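Structure, as C-alpha coordinates:
This is a predicted model, so every value here is computed, not measured.
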Amino acid sequence: MRRTRRLVQQALVELILEKGYDAVTVTDVIARADVGRSTFYAHFTDKQDVLFSNLDELAFLHRLPVAGETGELFAFSRPMFEHVREQERLVRALLGRRSGGLVQTRGEELLAAAVRNELVAAGARPSAELDLLVVCVVGAFMGLMRAWVDGATSASPAELDAAFRAAVTPGVRLALPPDGCAGSGPVTVVGG
(Lines give C-alpha, C1' and ligand atoms only; values in the text may rest on other atoms or scores of the structure.)
Protein backbone atom coordinates (compact mmCIF):
# COMPACT_ATOMS: atom_id res chain seq x y z
CA MET A 1 0.00 0.00 0.00
CA ARG A 2 2.78 2.48 0.93
CA ARG A 3 4.77 1.36 -2.09
CA THR A 4 1.84 2.09 -4.41
CA ARG A 5 1.34 5.55 -2.91
CA ARG A 6 5.04 6.24 -3.31
CA LEU A 7 5.02 5.11 -6.95
CA VAL A 8 2.11 7.43 -7.73
CA GLN A 9 3.74 10.35 -5.89
CA GLN A 10 7.03 9.83 -7.72
CA ALA A 11 5.23 9.55 -11.05
CA LEU A 12 3.55 12.91 -10.50
CA VAL A 13 6.86 14.57 -9.55
CA GLU A 14 8.54 13.23 -12.70
CA LEU A 15 5.66 14.35 -14.90
CA ILE A 16 5.55 17.84 -13.37
CA LEU A 17 9.26 18.23 -14.04
CA GLU A 18 8.78 17.06 -17.62
CA LYS A 19 5.69 18.95 -18.70
CA GLY A 20 4.29 21.02 -15.85
CA TYR A 21 1.48 20.34 -13.40
CA ASP A 22 -1.33 21.76 -15.53
CA ALA A 23 -0.49 19.47 -18.47
CA VAL A 24 -0.44 16.29 -16.35
CA THR A 25 -3.55 14.12 -16.25
CA VAL A 26 -4.52 11.33 -13.89
CA THR A 27 -4.16 8.97 -16.86
CA ASP A 28 -0.54 10.14 -17.27
CA VAL A 29 0.17 9.47 -13.60
CA ILE A 30 -1.45 6.05 -13.72
CA ALA A 31 0.57 5.08 -16.78
CA ARG A 32 3.86 6.36 -15.35
CA ALA A 33 3.29 4.66 -11.98
CA ASP A 34 2.12 1.48 -13.74
CA VAL A 35 -0.91 1.09 -11.50
CA GLY A 36 -4.55 0.50 -12.31
CA ARG A 37 -7.14 3.26 -12.29
CA SER A 38 -9.02 1.66 -9.39
CA THR A 39 -5.75 1.33 -7.45
CA PHE A 40 -5.04 5.02 -8.04
CA TYR A 41 -8.50 6.01 -6.79
CA ALA A 42 -8.21 3.70 -3.78
CA HIS A 43 -5.33 5.92 -2.61
CA PHE A 44 -6.08 9.38 -4.04
CA THR A 45 -9.10 11.39 -5.11
CA ASP A 46 -7.35 13.27 -7.94
CA LYS A 47 -3.97 14.62 -9.05
CA GLN A 48 -4.21 17.53 -6.60
CA ASP A 49 -4.55 15.02 -3.77
CA VAL A 50 -1.33 13.37 -4.98
CA LEU A 51 0.35 16.76 -5.19
CA PHE A 52 -0.59 17.72 -1.64
CA SER A 53 0.39 14.29 -0.33
CA ASN A 54 3.91 15.10 -1.52
CA LEU A 55 3.98 17.96 1.00
CA ASP A 56 4.55 15.32 3.67
CA GLU A 57 7.98 14.85 2.12
CA LEU A 58 8.69 18.48 2.94
CA ALA A 59 8.39 17.88 6.64
CA PHE A 60 10.16 21.15 7.45
CA LEU A 61 6.97 23.02 6.56
CA HIS A 62 5.20 21.30 9.43
CA ARG A 63 7.96 21.51 12.08
CA LEU A 64 9.42 24.97 11.77
CA PRO A 65 11.45 25.93 14.85
CA VAL A 66 10.34 29.11 16.58
CA ALA A 67 12.42 31.91 18.03
CA GLY A 68 11.72 30.92 21.63
CA GLU A 69 13.28 27.49 21.03
CA THR A 70 16.52 28.76 19.53
CA GLY A 71 17.02 32.29 20.80
CA GLU A 72 17.01 33.82 17.29
CA LEU A 73 14.35 34.86 14.84
CA PHE A 74 13.87 32.91 11.65
CA ALA A 75 15.73 29.87 12.95
CA PHE A 76 13.92 27.91 10.24
CA SER A 77 15.78 29.67 7.44
CA ARG A 78 19.07 27.81 7.05
CA PRO A 79 17.68 24.35 7.94
CA MET A 80 14.90 24.89 5.43
CA PHE A 81 17.33 25.89 2.67
CA GLU A 82 19.45 22.83 3.53
CA HIS A 83 16.40 20.55 3.39
CA VAL A 84 15.45 22.06 0.03
CA ARG A 85 18.90 21.17 -1.28
CA GLU A 86 18.53 17.59 0.02
CA GLN A 87 15.08 17.24 -1.56
CA GLU A 88 15.93 19.20 -4.72
CA ARG A 89 13.94 17.14 -7.20
CA LEU A 90 10.78 17.08 -5.08
CA VAL A 91 11.01 20.77 -4.22
CA ARG A 92 11.60 21.70 -7.85
CA ALA A 93 8.42 19.83 -8.80
CA LEU A 94 6.38 21.25 -5.93
CA LEU A 95 7.61 24.86 -5.85
CA GLY A 96 9.31 25.45 -9.19
CA ARG A 97 7.88 27.33 -12.14
CA ARG A 98 6.22 24.17 -13.53
CA SER A 99 4.34 23.35 -10.31
CA GLY A 100 1.14 25.21 -11.05
CA GLY A 101 1.31 27.27 -7.86
CA LEU A 102 -1.01 25.20 -5.65
CA VAL A 103 1.71 24.01 -3.32
CA GLN A 104 3.42 27.40 -3.34
CA THR A 105 0.29 28.97 -1.89
CA ARG A 106 -0.01 26.32 0.82
CA GLY A 107 3.70 26.56 1.65
CA GLU A 108 3.46 30.33 1.91
CA GLU A 109 0.47 29.99 4.26
CA LEU A 110 2.38 27.62 6.56
CA LEU A 111 5.47 29.81 6.51
CA ALA A 112 3.41 32.96 7.17
CA ALA A 113 1.83 31.39 10.24
CA ALA A 114 5.27 30.42 11.58
CA VAL A 115 6.74 33.88 10.89
CA ARG A 116 3.75 35.61 12.50
CA ASN A 117 4.04 33.39 15.58
CA GLU A 118 7.77 34.12 15.85
CA LEU A 119 7.30 37.86 15.58
CA VAL A 120 4.50 37.90 18.16
CA ALA A 121 6.63 35.75 20.48
CA ALA A 122 9.43 38.29 19.98
CA GLY A 123 7.20 41.15 21.09
CA ALA A 124 5.48 42.40 17.93
CA ARG A 125 1.83 43.23 18.44
CA PRO A 126 -0.79 41.73 16.14
CA SER A 127 -1.76 44.50 13.74
CA ALA A 128 -2.17 45.38 10.08
CA GLU A 129 1.47 46.49 10.10
CA LEU A 130 2.57 43.10 11.40
CA ASP A 131 0.54 41.40 8.66
CA LEU A 132 2.38 43.47 6.05
CA LEU A 133 5.73 42.65 7.63
CA VAL A 134 4.88 38.93 7.52
CA VAL A 135 4.06 39.26 3.81
CA CYS A 136 7.46 40.91 3.23
CA VAL A 137 9.38 38.27 5.20
CA VAL A 138 7.61 35.37 3.51
CA GLY A 139 8.02 37.00 0.10
CA ALA A 140 11.76 37.43 0.61
CA PHE A 141 12.19 33.83 1.74
CA MET A 142 10.05 32.30 -0.98
CA GLY A 143 11.63 34.52 -3.63
CA LEU A 144 15.08 33.23 -2.73
CA MET A 145 13.84 29.65 -2.60
CA ARG A 146 12.14 29.93 -6.01
CA ALA A 147 15.24 31.54 -7.52
CA TRP A 148 17.33 28.61 -6.30
CA VAL A 149 14.77 25.96 -7.30
CA ASP A 150 14.42 27.45 -10.78
CA GLY A 151 18.19 27.64 -11.26
CA ALA A 152 18.50 31.44 -11.17
CA THR A 153 21.15 31.14 -8.44
CA SER A 154 23.59 28.48 -7.32
CA ALA A 155 24.04 29.98 -3.85
CA SER A 156 24.59 27.60 -0.95
CA PRO A 157 22.05 27.27 1.86
CA ALA A 158 24.33 29.42 4.05
CA GLU A 159 24.48 32.12 1.35
CA LEU A 160 20.71 32.04 0.85
CA ASP A 161 20.20 32.28 4.61
CA ALA A 162 22.58 35.27 4.82
CA ALA A 163 20.81 37.04 1.95
CA PHE A 164 17.41 36.39 3.53
CA ARG A 165 18.50 37.73 6.90
CA ALA A 166 20.16 40.80 5.34
CA ALA A 167 16.95 41.60 3.46
CA VAL A 168 14.51 41.20 6.36
CA THR A 169 16.44 42.04 9.52
CA PRO A 170 16.31 45.86 9.31
CA GLY A 171 12.52 45.95 8.91
CA VAL A 172 11.98 43.33 11.56
CA ARG A 173 14.13 45.25 14.05
CA LEU A 174 12.00 48.33 13.50
CA ALA A 175 8.81 46.36 14.14
CA LEU A 176 9.95 44.79 17.41
CA PRO A 177 9.92 46.50 20.79
CA PRO A 178 13.27 48.13 21.71
CA ASP A 179 14.21 45.34 24.13
CA GLY A 180 13.56 42.70 21.43
CA CYS A 181 11.79 40.26 23.73
CA ALA A 182 8.34 39.34 24.87
CA GLY A 183 8.53 37.67 28.21
CA SER A 184 10.16 34.33 27.37
CA GLY A 185 13.75 35.48 27.14
CA PRO A 186 15.77 37.50 24.68
CA VAL A 187 15.31 37.07 20.97
CA THR A 188 18.25 37.79 18.70
CA VAL A 189 17.81 38.90 15.12
CA VAL A 190 20.87 37.48 13.38
CA GLY A 191 22.47 39.04 10.35
CA GLY A 192 22.08 42.77 10.69
What is the distance from atom CZ of R125 to atom CG of L119, rounded to the nearest 0.5 Å?
14.0 Å

Would you compute the distance between atom CD of Q9 and atom CG of D49 and round it to the nearest 0.5 angstrom?
9.5 Å

For A152, does its backbone N or O pair with a side-chain atom of D150 as donor and acceptor, under 3.5 Å?
no

Hey, could you give me the CG/CD distance between L73 and E118, rounded to the nearest 0.5 Å?
5.5 Å

Is a donor on one side and an acceptor on the other found under 3.5 Å between the side chain of E159 and the backbone of S156?
yes

Taking the side chain as everything from C-beta on, heavy atoms only, tell me whether V134 gets closer than 4.5 Å to V138.
yes

Give me the atom names and distance for the closest heavy-atom approach of E82 to P157.
CG-CB, 3.5 Å

Hits for side-chain contact (heavy atoms from CB on, under 4.5 Å) against R3, two or more places apart or cross-chain, chain-then-number order -> L7

Determine the sole option in T27, V26, T4 for which the side-chain contact (heavy atoms from CB on, under 4.5 Å) test with F40 is passed.
V26

Do the non-hydrogen side-chain atoms of L15 and T25 ever get within less than 4.5 Å of each other?
no

Find out if a path of hydrophobic residues (ILVMFWY) with successive side-chain heavy-atom gaps under 4.5 Å connects L132 to V115.
no

Cationic N near anionic O, under 4.0 Å, K19 to D28
yes

So V168 and C136, do their side chains get closer than 4.5 Å, heavy atoms only?
no

For R2, does the CZ atom sit with more than 12 other heavy atoms under 6.0 Å from it, leaving out its own atoms?
no

Note: G20 and V24 closest approach over all heavy atoms is O-CG2, 3.2 Å

From E86 atom CD to H83 atom NE2, the distance as rounded to the nearest 0.5 Å
6.5 Å

If you apply the rule ring pair (Phe, Tyr, Trp, His ring centres under 6.0 Å), what do you find for F52 with F44, and how did you get there?
CA-CA 10 Å; F52 287 149; F44 301 101; over 10 Å; no

Between atom CG of L160 and atom CH2 of W148, what is the distance when rounded to the nearest 0.5 Å?
8.5 Å

State plainly whether the residues R146 and E108 are in salt-bridge range, i.e. N to O under 4.0 Å.
yes

CD1-CG distance between I16 and D22, expressed to the nearest 0.5 angstrom:
9.5 Å

For the hydrophobic clusters of this structure (ILVMFWY residues joined by side-chain heavy atoms under 4.5 Å, transitively), does one cluster hold both V35 and Y41?
yes

Please state whether the rings of F74 and F76 are parallel, tilted or perpendicular, taking 30° and 60° as the class boundaries.
perpendicular

Give the C-alpha distance, both sets of side-chain angles, the deciding distance and a yes or no for side chain to side chain contact (heavy atoms under 4.5 Å, CB included) between L17 and R89.
CA-CA 8 Å; L17 291 171; R89 189 169 171 76; 3.5 Å; yes

Between K47 and Y21 (side chain of the first, backbone of the second, donor and acceptor by atom type, cut-off under 3.5 Å), is there such a pair?
yes

Smallest heavy-atom separation, M145 atom then V84 atom, equals CE-CG2, 3.6 Å

Quick one: closest heavy-atom pair of R37 and I30, and the distance?
CA-CD1, 3.7 Å

Any ion pair linking E18 and R32 (charged N to carboxylate O, less than 4.0 Å)?
yes

V8 and H43: CA distance, side-chain angles, deciding distance, side chain to side chain contact (heavy atoms under 4.5 Å, CB included) verdict
CA-CA 9 Å; V8 171; H43 295 276; over 6 Å; no

